[in-house]
Structures are given as structure tokens and as C-alpha cells.
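One-based numbering, in listed order, for ligands and for the atoms of each. These values consider heavy atoms only, across backbone and side chains, with no hydrogens, waters or symmetry-generated copies.
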Amino acid sequence: MKDTPTRALRALAALAGLFLAASASAATVTFTSTYVIPAGSTYNGNGNTIKASGMGDGGQGEGQKPFFRLNANSTLRNVKLSAPGVDGCHFYGNGTMNEVTWQDVGEDQFTVKSGGNCWVSGASAVNASDKFGQANAATSVTLYYHTQTNGLKNIRQLGGSTFTCNFYYDNNRAATTKEAIGRTDASSTRFGYRAMTVTNFTGSNGWWYGRSSQAFTY
Ligand code: DGU
Ligand code: CA
Ligand code: CA
């Protein structure tokens with residue numbers, strides 16, 4: 001009985017220590033080149049913030065470098081990407097970006113460079129002057145419990161391309177989209193969506209940029 005308060009205090013102190021250790025470990029890490037996540041492995045950012053230096057200015061110039069290249073079957077998780085947003089992150093085959101926060105999207109948020117089953121889940125991205133996601137190869141992309149705020153297009157399939165993509169929006173939020181939730185020029189591409197919250201949409205051609213017949217709920 002006598003030592004109960006001491007034990008309680010010790011437990012509290014231990015908890016506080018854990019909390020402090022956890023916050024102290026979140027750091028800002030500077031990248032001067034793209035980090036390649038090897039096939040089949042995971043990069044866990046442990047809540048750190050990445051800052052790109054000498055990789056692009058985050059404007060609309062093409063040829064900027066991505067923060068991360070995800071080789072096939074790799075995962076990027078628990079990381080914040082600060083301005084300048086450079087060329088976002090690139091998928092090469094299947095991949096997952098989980099709890100990745102884009103604090104200020106640069107040229108674009110993520111790009112599918114070669115196709116696969118690609119997932120962007122949790123967390124959020126803000127301020128895409130043009131596109132959030134860009135698909136440059138036939139792929140399946142799922143946005144899952146992910147929020148995108150303020151941009152022209154939430155997903156854009158490479159302009160003029162006719163390969164087939166399947167885009168899924170599952171429990172997402174799109175706030176202040178000014179052109180399209182999904183835009184494609186390919187007649188075989190499909191957009192599936194469920195539990196999607198869209199607010200302040202101002203595109204003049206509908207969510208699917210004139211291709212509503214290619215969209216379905218599931
Ligand atoms: O002319 O190729 O925006 O991957 C168009 C360009 C453009 C790509 C794409 C990307 O489609 O650069 O960032
Ligand atoms: Ca581009
Ligand atoms: Ca790009």
C-alpha cells in the first residue's frame with residue numbers, strides 16, 4: 001500500500017519518457033537524391049519529415065526527381081513530405097504508400113511508371129496545382145481512406161493514352177477539386193467509387209470529365 005503512489009509516479013514518468021522519446025525521434029531528414037526502395041521491402045519513415053534539396057522546385061517543370069521510387073512489391077509508410085514537393089513518389093509495379101502525407105504537392109503527388117496493384121492509403125495530400133495522381137502505364141490504383149485537398153485532378157491517366165486503367169476511390173475525401181476526380185482519354189478505363197466524400201467540386205465536366213458512363217459504384 002505504502003509504495004503505491006511511488007509506483008504510480010514511476011509509471012507516469014515512464015510513460016512521459018516514452019512520449020518524449022517518441023516526439024524527440026521525429027526529425028527532418030534532407031534528401032539530395034531519390035531514395036530507391038528495393039523490391040519487396042518497406043521504408044518506414046517513423047513519422048519523420050523529408051525535405052528535398054536540389055531535386056526540383058516543386059513547380060510545374062517536368063524532370064524533377066521523386067522523393068521515393070518504389071520498386072515492385074515495396075511499401076513506403078509513415079512519413080511526411082514537405083515543400084518543395086518535387087515529382088512526388090513513383091510506383092514501379094505493385095506498391096503501397098501508407099500514411100504518407102504530402103504537405104505541398106509539387107509537379108504531381110504520385111506517378112505510376114510501370115503498372116501494378118498500387119495503393120495510396122491513409123493520410124493526405126494538399127495543393128496540387130495540376131494533378132495529384134498520374135498514371136503513365138496500365139495499372140490498378142486504389143485511393144483508400146485518403147484525403148486530397150485543393151487541386152485540378154485527383155487522378156489523371158496520361159493524356160492521349162489508350163491503355164486500360166482501373167481506378168478505385170474507397171472512403172476518400174476530395175475537397176476543392178477544380179477539374180475532375182478522375183480524367184482519362186481511354187474508353188476502356190474504369191472508375192469505381194464507394195463512400196467517397198466530395199466537397200466544393202467546381203469542375204465543369206463532371207467528376208469523370210465527360211466519361212461518367214465509365215464510372216460505377218461498388
Ligand atoms: O506531355 O508527358 O504529367 O508524368 C505530357 C507529359 C506528361 C507527363 C506527366 C508526368 O503527361 O509529364 O508528370
Ligand atoms: Ca507532369
Ligand atoms: Ca510528374
Side-chain angles (χ1 to χ4, degrees), residues 31-37 43 50-72 74 76 79-97 100-120 123-143 146 148-167 169 174 176-189 191 203 205 207-211 214:
F31 279 10
T32 55
S33 60
T34 300
Y35 188 104
V36 179
I37 307 176
Y43 179 100
I50 311 285
K51 186 153 181 77
S53 172
M55 296 169 65
D57 63 4
Q60 282 302 297
E62 303 286 353
Q64 299 180 65
K65 292 182 178 148
F67 290 98
F68 287 95
R69 169 184 169 131
L70 281 71
N71 281 346
S74 69
L76 169 65
V79 75
K80 299 178 177 70
L81 306 173
S82 70
V86 293
D87 205 47
C89 298
H90 292 177
F91 285 109
Y92 283 79
N94 302 334
T96 300
M97 300 175 189
V100 177
T101 302
W102 285 260
Q103 294 178 336
D104 185 6
V105 172
E107 205 279 314
D108 45 29
Q109 177 194 1
F110 66 85
T111 307
V112 176
K113 300 291 264 187
S114 52
N117 188 0
C118 302
W119 286 73
V120 179
S124 55
V126 300
N127 299 342
S129 7
D130 186 10
K131 306 150 190 170
F132 285 100
Q134 165 87 19
N136 288 348
T139 187
S140 164
V141 175
T142 304
L143 303 184
H146 182 64
Q148 291 166 323
T149 303
N150 191 32
L152 295 195
K153 299 168 260 283
N154 295 79
I155 298 182
R156 172 62 159 132
Q157 177 173 342
L158 179 63
S161 64
T162 53
F163 50 76
T164 302
C165 292
N166 291 293
F167 299 122
Y169 303 71
T176 316
T177 292
K178 298 166 186 162
E179 190 182 294
I181 302 299
R183 181 172 170 183
T184 185
D185 300 325
S187 54
S188 56
T189 285
F191 301 100
N205 226 347
W207 285 15
W208 315 108
Y209 205 81
R211 290 184 178 263
Q214 292 170 220

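The immediate protein surroundings of ligand 1, defined as residues with any heavy atom under 4.0 Å of it, consist of E62, E107, D108, K131, Q134, N136, L158.
Judged purely by atom type and a 3.5 angstrom limit, T189 has no side-chain atom pairing as donor or acceptor with the backbone of T164. Within the 3.5 Å criterion, the main-chain N or O of T177 finds no donor-acceptor partner in the side chain of Q148.
Aromatic ring pairs are classed by plane angle as parallel below 30°, tilted from 30° to 60° and perpendicular above 60°; the pair F110 and W102 is tilted.
The salt bridge (Lys or Arg N to Asp or Glu O under 4.0 Å) check on D185 picks up R156, with sequence neighbours excluded. Shown here are the salt bridge (Lys or Arg N to Asp or Glu O under 4.0 Å) partners of D130, two or more places apart in sequence or in another chain: K153.
Of all heavy-atom pairs between T139 and G116, the closest is OG1-O, 3.0 Å.
Counting heavy atoms from C-beta on, the side chains of M97 and L70 come closer than 4.5 Å.
Aromatic ring centres of W207 and F167: separated by at least 6.0 Å.
Around the Ca ion (ligand 2), the protein contributes the following N, O or S atoms under 3.0 Å, ordered by chain and number: E62 OE1, E62 OE2, E107 OE1, E107 OE2.
No option in N71, N117, V120 other than V120 meets the side-chain contact (heavy atoms from CB on, under 4.5 Å) test with F91.
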